[in-house]
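We're numbering straight along the sequence, starting at 1. All values derive from a computational prediction rather than experimental measurement.
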Amino acid sequence: MSDLIAIGYRDVSTANAAREKIIDLQRQGLITVRDAAVVESGADGKVRLHQASSATAIGAAGGAMWGGLIGLLFFAPFVGMAVGAAAGAMAGKATDVGVDDKFMKDVGAALQPGSAALFLLIDQVTVDKVMAEMAPYQFGGQLLRSSLSTEAEQRLRDAIEAAHLTPAR
C-alpha cells in the first residue's frame, strides 16, 4: 500500500528542491516513490502542476519504438514510428498514474498565491535516514494532507515542527 504525503512550502523553488532531494534519495535506495509532483499556486492565482515525468512523453517514445519496429515489417518504418508515437501519446495522456491531478489542483487552489506543495506517493521508506536527509527542506514546510497512520503522521508533524524551532542551515 502506498502512502500519500502533501507538504506545503512558501515558494515553488523550495518545493522543487525538496522533490529533487527525494528523487536523489530514491536513487540511493532509501525511498521508493511512485509519484512526486509539485503544485504551484502562481501569483496570479492559477494552479500549475509540475509532474516528475510525463506519461504522454513516455507513451509517445514507446509507441514510436514499437511503431518503427512494426513499420519495418511493411517497409515503412517512419510511417510506423509516426503512427506509433501518436497512438502512444494518446494512450499516455489517457493514463493517469500516481496522485490524482484533480486532487492536487483542489489542494493547490487552497494554497496562498506564490506558494507550492510537494505531493509524494510513497511505497517504501527508510524513515530515519530520509528524515535526516530531508531536514533542510522541512523548515518552512507544513503537512497539508497525509494517508499515514496517526502515529507516523504525528512523527512527521513533530519533525517539521522541530525544523521550525531550529535555525535554517
| Who pairs with A15 by side chain to side chain contact (heavy atoms under 4.5 Å, CB included), at least two apart in sequence or on another chain? | Y9, V38, A116
| note | Heavy-atom closest pair (A36 atom, L120 atom, distance to 0.1 Å) is CB-CD2, 3.7 Å
| task | Would you indicate whether the side-chain heavy atoms of V130 and E133 approach each other to under 4.5 Å? | result | no
Using distance only, find each side-chain donor-acceptor pair of residues 42-49 under 3.5 Å and give its atom names and separation, not counting sequence neighbours.
| residue | atom | partner | partner atom | Å |
| --- | --- | --- | --- | --- |
| D44 | OD1 | K46 | N | 3.0 |
| D44 | OD2 | R48 | NH2 | 3.1 |

| field | Value rounded to 0.5 Å, distance of CD in E40 from CG in N16 | value | 8.0 Å
| side-chain hydrogen bond (donor to acceptor under 3.5 Å, both in side chains) partners for T32, two or more places apart | Q124
| field | Distance, nearest 0.5 Å, that separates CD1 of I22 from CD1 of I122 | value | 6.0 Å
| field | Between NZ on residue K129 and CD on residue Q28, distance to nearest 0.5 Å | value | 10.0 Å
| task | Output all residues satisfying side chain to side chain contact (heavy atoms under 4.5 Å, CB included) with E20, sequence neighbours left out; order by chain, then residue number. | result | I23
| request: First locate atom CG of L4, then atom CZ of F119, and finally report the distance between them rounded to the nearest 0.5 Å. | output: 7.0 Å
| With Q26, which residues qualify under side-chain hydrogen bond (donor to acceptor under 3.5 Å, both in side chains), at least two apart? | none
| said: Suppose the criterion is salt bridge (charged side-chain N to carboxylate O under 4.0 Å, His left out): which pairs have a residue in residues 105-116, not counting sequence neighbours? | reply: K102-D106
